[in-house]
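Values below: every heavy atom of this structure, side chains too, minus hydrogens, waters and symmetry copies. Everything numeric here is computed off the predicted structure, so don't read it as measured data. In what follows, chains are A, B, ... by sequence order, proteins preceding strands, each numbered from 1.
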Number of protein chains: 2
Amino acid sequence: MSAIEQTEAARPRGTRLPRRARRNQLLGAAQEVFVAQGYHSAAMDDIAERAGVSKPVLYQHFPGKLELYLALLDQHCESLLHAVRTALASTSDNKLRVAATMDAYFAYVEDEGGAFRLVFESDLTNEPAVRERVDRVSLQCAEAISEVIAEDTGLSTDESMLLAVGLGGVSQVVARYWLSSESPIPRDTAVSLLTSLAWRGIAGFPLHAVEGQLSAEGH
Amino acid sequence: MSAIEQTEAARPRGTRLPRRARRNQLLGAAQEVFVAQGYHSAAMDDIAERAGVSKPVLYQHFPGKLELYLALLDQHCESLLHAVRTALASTSDNKLRVAATMDAYFAYVEDEGGAFRLVFESDLTNEPAVRERVDRVSLQCAEAISEVIAEDTGLSTDESMLLAVGLGGVSQVVARYWLSSESPIPRDTAVSLLTSLAWRGIAGFPLHAVEGQLSAEGH
DNA sequence: CTGCACGCCGATCTTGACCTCCACGGCTAT
DNA sequence: ATAGCCGTGGAGGTCAAGATCGGCGTGCAG
């Protein structure tokens, strides 16, 4: 979070800002517009107007619309990956790991400005650069999860990746559903429910594991 | 241009077709182009050329690009919903139900032409009509699944919907991953793995709800 | 005081894609 | 067979949106 940021309210169209501050402000305005309207419906005019500047200023800071979008996308991909890795590393108890990771997805989705839409609901997936970013962050998250799975279940890399993609997918899809539907279920309860589902599912797998001190939970 | 255009399926550029057949052919061509390029990158010229007709005939069958897209989208939403409902009704054994539903998603994704992209990876979600279709089919699938869950676990409607969205999400996300990655895992094995994951997860909830040996564990 | 540099703005250009207007050719009725 | 009808085809209009060029005002050095 930027500290000294004169957010909206009173943005007279004539204020002069240092380049770095102006750039950050433009990024903020662009995020709002892209999140609200999607890439294609968002016009550079809208972004400039939202920021309280004219279009040429926008082009003095970013080469074009695509680069502006990619800058935001990179930022939020990085953010998601960091959140997932942090959650996975937050404990060594696997059940808590599942809960922490689920919660990370929920927190990410609930993050201000709904920036998750840029990653999970982009309308520019045909653009190779965007596709590459989105696929990469999904894969990296899945790989991080699959490492834990492979280590603790002895499943093959391919199999654990399949399950990891599934767990990441569940988190992402349900978090978005929970956010969009004005569900009466509070966040903690939703995370808890999903954690039960996922943990019971994944904990049943150490078929090939040598020993199961995990199996204490064995239902 | 003087060369005979007898390329595939005998589509000489001058053939007159009955109205219904022409419409279906146009739908097929449009699907190919939309799937390959996405909505925005796809041009009406491309679709007309792909079908071997000129643009005016396209506009004699469809009022505009959006309506053409919606016709395809409706068709494939219907198809998905039908597949899921059929799978759920195919048996009364819950574990087999899970397996059948998973397999339905995989079959749907593997369906010819990759038409699932229109539903799961549309780049027109900003258009309210499209958003409405996509959200509706997701909700309807989730509702169908949640009915079974609610009936067999005694969970509340909200809770079972949350889990149902999760199960549908897993199926959809993993099926797409499995298709895109040239995974060495055969389809049956992948479905089986996911079924184990999902079944263990879902079966852990109070199966016979009336009796109250409820959650013996904390979460 | 005066010139200079810098950041900003109004107005404009161009591209590209959706959507129609004038000529051509096969089918049918008498 | 011939005249008419209707669907097809290519060329063009329109418009939205991304990208850019000549002025303007402010602050500072000399």
### Query
Which of these nucleotides, D/dG9, C/dG10, D/dG18, is closest to any side-chain atom of A/Pro56?
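Comparing D/dG9, C/dG10, D/dG18 against the side chain of A/Pro56, the answer is C/dG10.
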### Query
Among C/dG10, C/dG7, D/dT20, which nucleotide sits nearest the side chain of A/Lys55?
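Selected nucleotide: D/dT20.
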Would one find a side-chain N or O of [X] under 4.0 angstrom from OP1 or OP2 of [N]?
X       : N      : result
B/Arg22 : D/dG7  : no
A/Tyr59 : D/dT20 : no
A/Gln60 : C/dC9  : no

### Message
Closer than 4.0 angstrom, basic N to acidic O: yes or no for A/Glu127 and A/Arg133?
### Response
no
Nucleotide [N], atom [atom2] - distance to [atom1] of [X] in whole Å:
X       : N      : atom1 : atom2 : answer
B/Glu49 : D/dG9  : CD    : P     : 12 Å
A/Met44 : D/dA17 : CE    : P     : 13 Å
B/Leu58 : C/dT20 : CG    : P     : 12 Å
A/His40 : C/dA17 : NE2   : P     : 11 Å
B/Glu67 : C/dC19 : CD    : P     : 8 Å
A/Leu68 : D/dG18 : CG    : P     : 11 Å
B/Asp45 : D/dG10 : CG    : P     : 11 Å
A/Leu66 : D/dA17 : CG    : P     : 18 Å

#### Entry: Distance-only donor-acceptor check, side chains A/Glu159 and A/Ser156, under 3.5 Å
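Distance-only check passes for A/Glu159 and A/Ser156.
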### Task
Assign the ring pair B/Trp178 / B/Phe106 to parallel, tilted or perpendicular, where the plane angle (0 to 90°) is split at 30° and 60°.
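Tilted.
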#### Entry: Pairs meeting criterion side chain to side chain donor-acceptor pair (under 3.5 Å) with involvement of residues 57-70 of chain A, two or more places apart
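Qualifying pairs, neighbours excluded: A/Tyr69-A/Ser122.
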